[in-house]
Structures are given as structure tokens and as C-alpha cells.
Amino acid sequence: MSSWWRDAVIYQVYIRSFADGNGDGVGDVAGLRSRLPYLAALGVDALWLNPWYASPQVDAGYDVSDYRRLDPLFGDLDDAKALIQEAHAHGLRLILDIVPNHTSDQHAWFQSALAAGPGSEARARYHFRPGRGADGSEPPTDWPSIFGGPAWTRTVDADGKPGDWYLHLFAPEQPDLNWTNQQVRREFEDILRFWLDLGVDGFRIDVAHGLTKDPAFPDLASREAGGMLDAATEDHPYFDRDETLAIYEDWRRVADSYEGERVFVAEAWVADASRVARYLTSTRLHTAFNFGLLSCPWEASALRTEIDATLDVLAAVGAPPTWVLSNHDVIRHATRYGRAHTSLADARHLYGTPVDHALGERRARAAVQLINALPGGTYVYQGEELGLPEVEDLPPSVWQDPNRRYKDHDGPVRDGCRVPLPWSGDAPPFGFSPDGATAPWLPQPAEWKNRTAAAEEQEPDSTLSRYRALLRTRRDWLNRGLGASTALEWLPNAPDGVLAFRRGEVICYANLSAAPVELPAGHRVLIASEPVEGTVLPVDAAAWLVAE
Ligand code: GLC
């Protein structure tokens with residue numbers, strides 16, 4: 001039997017927007033527990049939960065102040081234990097999000113580092129450095145924060161005078177840890193054990209490619225700043241450095257010392273698939289998100305190039321690919337695909353311009369059918385199974401994304417893909433919260449009354465119904481072609497703009513061309529993203545076929 005994670009469908013639960021159990025307008029563990037039957041019925045194999053640890057919530061929980069406690073916003077440890085047990089009872093594995101690159105500035109370590117002063121052992125767990133210039137008033141390097149502004153903030157010494165600077169690749173409230181420090185390394189292994197002991201099945205590693213920094217702290221000077229989306233290149237001062245790989249060898253030993261297959265998935269925005277492969281040897285991590293596809297336009301040749309590149313390099317290290325179309329950091333793909341230009345870069349550029357939602361949703365349905373036929377695992381970002389679009393017109397007064405604090409940050413606000421899910425009913429909060437609750441932490445569009453899970457459940461042709469049928473069919477055919485062990489074989493002579501390949505007994509056709517295409521004779525349609533009349537696959541549709 002092949003390992004569960006090699007072809008798992010993993011559902012990303014953005015916990016604060018999934019379901020609110022206690023009525024404070026923010027999703028929580030109680031809400032998630034009440035919706036486990038929905039997730040089991042959807043047919044996914046595992047859940048990945050965004051951070052639920054104690055946190056001041058400056059960056060929606062990616063600023064952790066205590067890695068062994070839940071934030072009271074979400075629940076407590078007893079809730080966590082109950083969730084792990086109930087998820088397992090539903091046949092769902094559970095993956096947590098570990099945030100090792102940085103802590104919150106409210107973490108006890110950072111507070112004691114500030115108090116202890118320059119040169120102290122407490123400061124050695126972070127990156128504190130003197131400033132440049134005669135009076136040290138210039139940051140130690142020219143590195144920018146991903147969220148805008150400089151990546152360094154100056155501290156104030158006990159005597160009230162300006163002191164050293166500390167590094168934060170993200171917000172100033174997210175100081176970077178120093179991973180050459182042995183205490184840091186041991187502490188994180190201990191945190192992994194804490195959660196593995198409680199029964200979690202693995203971890204998604206936040207900013208997995210960022211942990212180590214060039215000890216010489218060189219300027220970026222003329223090289224690409226390397227935001228998270230701009231692929232880093234070789235020998236970058238803080239991304240994708242060789243020293244980071246050794247950390248994961250230690251982590252792998254920890255995971256392997258547990259029963260069951262406990263796994264890691266890396267969030268590694270690196271230059272290309274060959275750089276990702278370095279993280280995925282059998283002594284390092286199990287899988288990494290494949291952001292290549294998520295960045296790609298809806299174009300057959302671009303997708304095929306990306307698919308081939310990924311399969312090639314990952315086969316060489318024996319790691320399965322994972323296919324991702326959306327997550328909590330990027331513009332939802334139902335919106336990306338609804339414009340004339342469809343890459344992620346285009347979407348950032350075209351933010352707020354008119355969208356053809358019907359087209360976007362149709363392509364999104366075809367895309368999910370396509371990725372679920374590829375070798376490896378797939379991710380579902382909560383709400384994509386309802387066909388939810390990006391909410392691009394949230395009023396600035398409700399924005400919470402920290403990147404919006406900086407004028408030089410040119411990316412779209414990430415709140416638009418984080419709007420609380422619509423579950424039922426005709427008006428907000430659409431069953432997200434119980435009756436009489438505080439309003440959801442971000443407002444939901446009134447049109448979402450047609451997009452609730454309850455409404456879509458009634459509709460055999462809704463995106464939700466199609467996801468359920470798709471994932472059911474995928475499971476049924478895992479042993480006959482769609483499973484991890486079967487290679488992908490491109491079919492010769494596919495018309496231009498059509499992706500056509502075989503996996504064992506199953507053939508997948510995805511029509512990204514401008515005209516309907518004829519499906520191969522002698523086959524019946526197992527499932528398709530749009531109704532298929534006779535043997536004709538419409539535009540922007542995908543189908544799985546088997547021999548008659
Ligand atoms: C990752 C997370 C993102 C967060 C950042 C800093 O990219 O996905 O949401 O802001 O790391 O932790």
C-alpha cells in the first residue's frame with residue numbers, strides 16, 4: 001500500500017474564516033468540529049489548519065507568542081485534543097502549520113531579548129545587529145520586509161538611547177529567529193514532539209525556505225529583492241540557502257521516530273521545481289507546495305511545461321508533487337481565471353478590474369478536474385469547492401492584512417481571499433456564526449446567498465456537487481490509474497490548446513482551446529466538469545474517460 005500522503009487530497013482550513021462556534025465573529029475549533037461531517041462528505045483525506053497558536057494576531061496567527069497553547073480566539077488544548085480525535089474518527093488526518101522563521105514580538109524569548117540588552121544570550125536567538133553610519137541610524141542591510149518598509153527595526157536601550165536593530169523579513173512584530181542557535185533548534189524539535197504526541201499527522205512549514213541567513217549579512221544591492229512570489233535565486237542572503245536543508249534532516253528524524261506516517265509539507269517559494277526538489281529527499285521533507293501551477297496562466301502550453309518540469313525533477317528524488325491552485329495568500333483562482341489575462345502576476349496587476357465570474361468558475365472547475373488527474377496530491381483551499389471568488393471590493397476600513405500598513409507594498413490586500421465562508425441562509429453571516437453573534441470579522445458579500453454550502457448541496461450541477469463527485473471518482477479510480485504509483489503519459493496528437501494524458505486506465509482531457517474538441521472514440525466519460533453532449537468536450541472543460 002502506498003503512503004497516504006503521496007496522493008492525498010488536503011483541505012486547507014483557514015480557521016478564523018471557516019466556522020464560528022462561540023459567536024464572536026471569528027472561526028474557531030468548536031465551529032470546525034461541528035463541520036467535520038461536511039469535510040468528510042466532501043471526500044478529502046486530510047486537513048491543514050492555519051496557525052491556531054497563542055498570538056497577538058498581527059499577521060492572522062503567523063506571529064506566534066506561545067507554540068504550545070491555542071489562542072483563546074480559537075479554543076484551548078482540550079478543544080484541540082477533541083478535534084484531533086474527531087477528525088481521525090471521520091477518517092481525516094490533521095496537519096498543523098508550524099511557523100519557525102519568526103516568532104511574535106510578544107513571545108517570551110523576544111521580550112527577554114529586548115530586556116537583556118546587546119550581546120546577551122537571549123538576543124542570540126534572534127538577529128540583533130548594530131546599525132550602519134556614524135550614529136548607527138542606518139539599517140544593517142538594505143533588505144526590504146515582504147510586507148513593505150525595511151526588514152530591520154531599531155530598538156531602544158535601557159538608558160533610552162537608540163540601540164541595535166533586529167531583523168524581521170515580515171512585519172516588525174515578527175522578529176526572525178536565528179537558526180544557527182542551538183536553543184532555537186532544540187526548542188522547535190520539542191514543539192514538533194509536543195504536537196506529534198497529541199496525535200497530529202504532520203506540519204505545513206511556513207516560509208520553509210527562509211530559515212537561515214547569510215552570516216555575512218550582505219546587501220542585496222542590485223539583485224532582485226525577492227518578495228515571496230519573486231523566485232529567489234542561488235546564493236540569496238536569506239532565501240533558499242543550503243544550510244536550511246540540514247534543519248529539516250533533524251526534523252525528519254523526529255517525525256520518523258513516531259508511529260504512523262507523520263509528514264511535512266514545505267511552503268517554499270523558490271526559483272523553480274529543481275530548487276524545490278532539494279527539500280524533498282528521503283532524509284528531508286515529504287512534500288512541498290507546487291506554486292508553479294498556481295502562478296501559471298490558464299494556457300495549455302504553460303501548464304504542460306510546468307507539469308513536465310515538476311514531474312521530472314521530483315521523480316528524480318522520489319517525491320510526489322502536490323498541486324495547488326489557491327491559498328490564503330493569493331487571489332482566488334475562480335477570479336484569476338475570469339479575466340483575459342490569467343496568471344497570478346496578471347491577477348495582482350488587474351486587481352479590482354471587471355471579472356467574468358461565470359467564466360472563472362467554469363475554468364476553475366476544469367482546473368480542479370485536471371489537477372486531480374495528475375500524479376501526486378492536491379490541495380483545496382476552503383471555499384473553492386463553493387466556487388467562491390476573491391472579494392476585491394472590501395472597504396479599506398476593514399482590511400486587516402499587515403502588508404497594507406506600508407505604502408511601498410504593491411501587492412493586493414490578502415483579506416479578499418479570507419472572507420468567512422457562507423454555510424446557509426439568505427443573509428450574512430450565512431450560518432458562519434450562530435444566531436445573535438457578533439458580525440463576521442470580514443463582511444460577506446450579499447450575493448453569497450447563492451453560494452452557501454446548503455444552497456449548493458441542493459443543486460446537482462453546483463461546484464460543490466461537482467467537487468464531491470470528482471473526489472469520489474478519484475478515490476474509486478486510485479487503484480486503477482489515479483494513484484501515486486502510476487506515471488503520466490501524454491497522448492500524442494492532442495489538438496492545440498488541449499491537455500490530454502493517460503494515467504493507467506483513466507484518460508484526462510482538458511480543453512483550453514477556443515473551440516469544442518472531439519473526445520477519443522471507444523471511451524465513456526467517467527466524469528466531466530461540464531455536461532458533455534455526445535463525444536464533444538466544450539471549451540474550458542475537462543473530462544475523465546475510460547475505455548468502453
Ligand atoms: C506565509 C504565510 C503568510 C504569512 C507569512 C509570514 O507566507 O502563508 O500568510 O503572512 O508566511 O508568516
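As the structure lists them, so they are numbered: ligands from 1, and atoms in each ligand from 1.
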Open item on the list: Can a donor-acceptor pair be found, under 3.5 Å and without considering hydrogens, that links the side chain of Thr378 to the backbone of Trp323?
Closed with: no
Open item on the list: Given 3.5 Å as the limit, does a donor-acceptor pair link the side chain of Ser3 with the main chain of Trp5, or not?
Closed with: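 Not at all, since once roles are kept as given, no pair shorter than 3.5 Å links the two residues.
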Open item on the list: Between Glu187 and Arg68, does any NZ, NE, NH1 or NH2 come within less than 4.0 Å of an OD or OE carboxylate oxygen?
Closed with: yes
Task: Electrostatic pair Arg16-Asp24, nearest N-O below 4.0 angstrom - done: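 Salt bridge absent between Arg16 and Asp24.
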- [ ] Would you check the N or O atoms of Arg414, main chain and side chain alike, for any that come under 3.5 Å of an N or O of ligand 1?
- [x] yes
For ligand 1, which atoms, with element, lie under 4.0 Å from some heavy atom of [X]?
X: Arg418; answer: 9 (O)
X: His328; answer: 2 (C), 3 (C), 8 (O), 9 (O)
X: His102; answer: 6 (C), 12 (O)
X: Glu267; answer: 1 (C), 7 (O), 8 (O)
X: Val207; answer: 11 (O)

TODO: Have a look at ligand 1 and work out which part of Phe147, if any, has a heavy atom under 4.0 Å from it: side chain, backbone, both or neither.
DONE: side chain
TODO: List for me each residue that meets side-chain contact (heavy atoms from CB on, under 4.5 Å) alongside Asp71, sequence neighbours excluded, and say none if there are none.
DONE: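 Here the qualifying residues are Ser55, Gln57, Leu73, Phe74.
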Task: Residue list, side-chain contact (heavy atoms from CB on, under 4.5 Å) with Asn181, at least two apart or on another chain - done: Ala124, Arg125, Asn178, Gln183, Val184
